[in-house]
Every structure is written in structure tokens, then in C-alpha cells.
Asks: 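The structure under discussion is supplied below as C-alpha cells; questions concerning it will follow.
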Amino acid sequence: MNNKVRDQWNHAVGSWVEFVRTGKDYYREYMNGPSLKRMIGNINGKKVLDIACGEGYFSRHYARTGAKVVGVDFSAEMIKAAEEEEKRNPLDIEYHVADVADLSFIDSESFDLAFSFMALMDIADYESAISEAYRVLKGGGRFVFLITHPYFEQRWHDGKLIVGWETRVLDDGSREFPYLWVEDYFTRHDAVVDWPKRVGRRPYAFTTTSYHRTLADYVNTLSEKGFVVTRMDEPMPTCEGIVVHPSLVRHTRLPQSIAIESVKLVSTIPKPPSTFQP
Ligand SMILES: C[S@@+](CC[C@H](N)C(=O)[O-])C[C@H]1O[C@@H](n2cnc3c(N)ncnc32)[C@H](O)[C@@H]1O
């Protein structure tokens with residue numbers, strides 16, 4: 001458990017709740033959320049685990065669409081906010097405060113689907129988190145996650161911006177983003193993520209921590225744990241999103257995130273009877 005990172009998310013909660021619940025997280029509203037929903041599809045009646053659920057945005061979404069949802073997050077403040085909302089508008093969601101690298105309080109093979117929205121790159125021990133997702137899924141169950149794109153997400157390393165958008169301010173005050181520069185991809189590192197105060201969007205500034213890894217790190221970990229990758233999506237903004245937030249148009253050229261679907265393999269070779277003598 002990384003206490004510093006957990007404390008950062010506990011501190012962020014007031015600003016985060018406002019940002020997410022008032023539709024001001026427009027990447028979620030107009031690009032990344034639609035991608036997750038397309039990939040997950042209809043899960044009415046399914047048992048679903050929301051890994052690093054935060055204040056419960058997608059737990060609520062899937063509970064409303066008929067799934068039985070369990071949400072887990074290591075920030076007690078995030079879970080408190082989720083539970084307060086559950087009290088106001090009950091959706092039969094069960095929340096737990098826990099590090100998703102250790103879900104030993106959850107039975108093996110008990111979920112149809114596990115998903116994680118914009119969190120795996122913030123989880124220090126992502127390999128154990130993927131291993132736990134595998135353990136709690138039933139055979140044939142899907143694990144779907146969406147993360148910032150390891151190639152293209154703006155990124156700081158040791159106080160220096162090493163992946164960033166070239167930005168030009170035009171005469172009318174609008175901004176143009178001609179290209180993205182990338183200084184280094186292969187060095188794995190912790191990255192400070194600053195979420196500045198934005199009037200009407202985030203009431204106060206906060207800082208969190210992400211862990212830069214390569215795309216191969218994620219895909220090979222899935223494979224090592226027993227998952228088979230079945231689909232990927234590099235989301236583009238919706239047309240409505242571009243109209244409402246024109247800066248999103250740059251993501252019709254380069255993605256900001258990636259969604260990956262994988263399936264827990266089940267052996268189709270029948271087990272020999274217990275009396276079997278070779
Ligand atoms: C960017 S937020 C996304 C939250 C949520 N999925 C959403 O859609 O808003 C990342 C979340 O990951 C959680 N987190 C980071 N590391 C974790 C860990 N090891 N175990 C459980 N939660 C973790 C944080 O507390 C935070 O709520």
C-alpha cells in the first residue's frame with residue numbers, strides 16, 4: 001500500500017467529486033466514458049467489480065443499467081463520498097476500502113466482469129491488481145480497463161515535461177495544438193500529476209501520482225496472469241464533445257487514452273475422473 005498516494009487521493013476528494021459529478025470532466029463525458037461503455041456493452045444482471053472506483057461514477061452507471069456492482073478503492077474519503085451518494089439514491093452497490101492489489105476478502109471466481117476506468121496507471125502494484133482481477137473473475141469473464149495512453153499522455157519526469165503538446169495561442173485567444181513531442185518512452189518512472197484549480201470545474205488544486213509503464217508491460221502482464229487480449233480502443237472525442245470543447249479536436253489525430261478488453265481463459269480439456277489411474 002502506498003500511503004502517500006492514498007493520502008493524495010483522500011485530499012483530492014472534494015475537488016474530484018465536483019469535477020466528476022457536474023460533468024466538468026469532459027474527457028470522461030465525451031471521449032473516454034463512451035469508449036468504456038462501448039467496450040463493456042450490456043451487462044444487465046451481471047455481477048461486476050469496479051476496480052479503483054473512486055467516488056463511484058461508473059459503479060452507479062452500471063448499477064442503474066441493471067448490474068450488481070461492487071466498488072473497491074483504497075481512498076477512504078472516495079468511498080465515503082460514494083457511500084453518501086448511495087444513501088441519497090440507493091442502487092444496491094457495495095463499496096469497500098481496500099488496496100486492489102489484495103482483494104482477499106472477495107471470493108475467487110465470483111464476478112462476470114471486472115473493469116477499471118482511468119486507474120490502473122495510478123496503481124503502484126498493477127501486476128497484483130491484474131492478478132486479483134483474474135482470480136475473482138469466473139472462467140470466461142472479462143476484464144476491461146481504460147488508462148491514459150502510455151505513448152501519448154502528457155507527462156512530467158523529475159520536474160521536466162517530457163511528453164507535451166506544442167501549444168499556440170491565436171489572435172482571437174483560441175489555442176492550436178500542432179503536434180505532440182515525446183522525449184522518452186521506455187524509462188519507467190513515477191509521474192507527478194498536477195490538477196490545477198479551475199473556476200467552475202475544480203474548486204481547489206491537487207496533486208496525484210501516476211506510474212509510467214509501456215503498453216507491452218500491461219499486455220504482457222495480462223498474458224502472464226492468464227488473460228487473452230480480445231479488443232482495444234483508442235478513443236476519439238464524440239462530435240458533440242468537439243463542439244462543446246474544441247480543444248478535444250486534437251484527439252482526432254492522436255489518442256489520449258487506450259481501452260483494453262481481455263478474457264479469463266478457461267481450459268476446455270475435461271478433468272480426469274478422480275479414480276483415474278494413468
Ligand atoms: C483517476 S481516479 C479514477 C477513479 C474512478 N475509477 C473514476 O472513474 O472516477 C484513480 C483512483 O484510483 C484509486 N487508487 C489508486 N491506487 C489504488 C490502489 N492501489 N488500490 C485501490 N485504489 C487505488 C485512487 O484512490 C483513485 O480513486
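First listed ligand is number 1; within each ligand, the first listed atom is number 1. The first residue in the sequence is number 1, and the count goes up from there.
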Asks: Applying salt bridge (Lys or Arg N to Asp or Glu O under 4.0 Å) between Glu109 and each of Arg135, Lys138, Lys47, Lys264, report the one that passes.
Replies: Lys264

Asks: Less than 6.0 Å separating the ring centroids of Phe145 and Phe117?
Replies: no

Asks: Taking the six-membered ring of Tyr57, is NZ or CZ of Arg28 closer than 6.0 Å to its centre and within 45° of its axis?
Replies: yes

Asks: Please confirm whether Tyr30 and His251 have ring centers closer than 6.0 angstrom.
Replies: no

Asks: Just need the protein heavy atom nearest to atom 13 (C) of ligand 1, so name the residue and atom and give the distance.
Replies: Asp73 OD2, 3.3 Å

Asks: Polar contacts were defined as any N/O atom of the residue lying under 3.5 Å from an N/O atom of the ligand; does this apply to Phe117 and ligand 1?
Replies: yes

Asks: I'd like the name of whichever of Asp125, Leu120, Val193, Val100 reaches closest to atom 20 (N) of ligand 1 through any heavy atom.
Replies: Val100

Asks: What protein heavy atom is closest to atom 19 (N) of ligand 1, reported as residue, atom name and distance in Å?
Replies: Asp99 OD1, 2.9 Å

Asks: Heavy-atom contact under 4.0 Å between Ala101 and ligand 1?
Replies: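 No; Ala101 lies far enough from ligand 1 that no heavy-atom distance drops under 4.0 Å.
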
Asks: Quick one, Ile147 and Ile258 - any side-chain contact, counting heavy atoms below 4.5 Å?
Replies: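 Yes. Closest side-chain heavy atoms under 4.5 Å.
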
Asks: Going by heavy atoms, is Ala98 under 4.0 Å from ligand 1?
Replies: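 The answer is yes: ligand 1 sits under 4.0 Å from a heavy atom of Ala98.
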
Asks: Counting the benzene-type ring for Trp, do Tyr211 and Tyr126 have ring centres under 6.0 Å apart?
Replies: no

Asks: If you have a sec, work out which protein heavy atom is nearest atom 2 (S) of ligand 1 and how many Å separate them, to one decimal?
Replies: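 That would be Trp9 CH2, 3.5 Å.
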
Asks: Do Trp16 and Trp9 make the cut of ring centroids closer than 6.0 angstrom?
Replies: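 Yes: the rings meet the under 6.0 Å criterion.
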
Asks: Of the listed options (Ser75, Ala124, Ala52, Ala119), which comes nearest to atom 5 (C) of ligand 1 when hydrogens are ignored and any heavy atom counts?
Replies: Ala52

Asks: List every atom of ligand 1 that sits less than 4.0 Å from any heavy atom of Asp122, numbering the atoms from 1 in the order shown and giving each element.
Replies: 1 (C), 10 (C), 15 (C), 16 (N)

Asks: Between NZ of Lys197 and CZ of Arg202, what distance do you get to the nearest 0.5 Å?
Replies: 12.0 Å

Asks: Could you find the nearest protein heavy atom to atom 15 (C) of ligand 1 and give me its residue, atom name and distance?
Replies: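 Minimum-distance protein heavy atom for atom 15 (C) of ligand 1 reads Phe74 CE2, 3.4 Å.
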
Asks: Which part of Ser116 is near ligand 1, with near meaning a heavy atom under 4.0 Å away: side chain, backbone, both or neither?
Replies: neither

Asks: Just go through Met78, Arg28, Met118 and tell me whose heavy atom is the nearest to atom 7 (C) of ligand 1.
Replies: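 Checking each option, the heavy atom nearest atom 7 (C) of ligand 1 is found in Arg28.
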
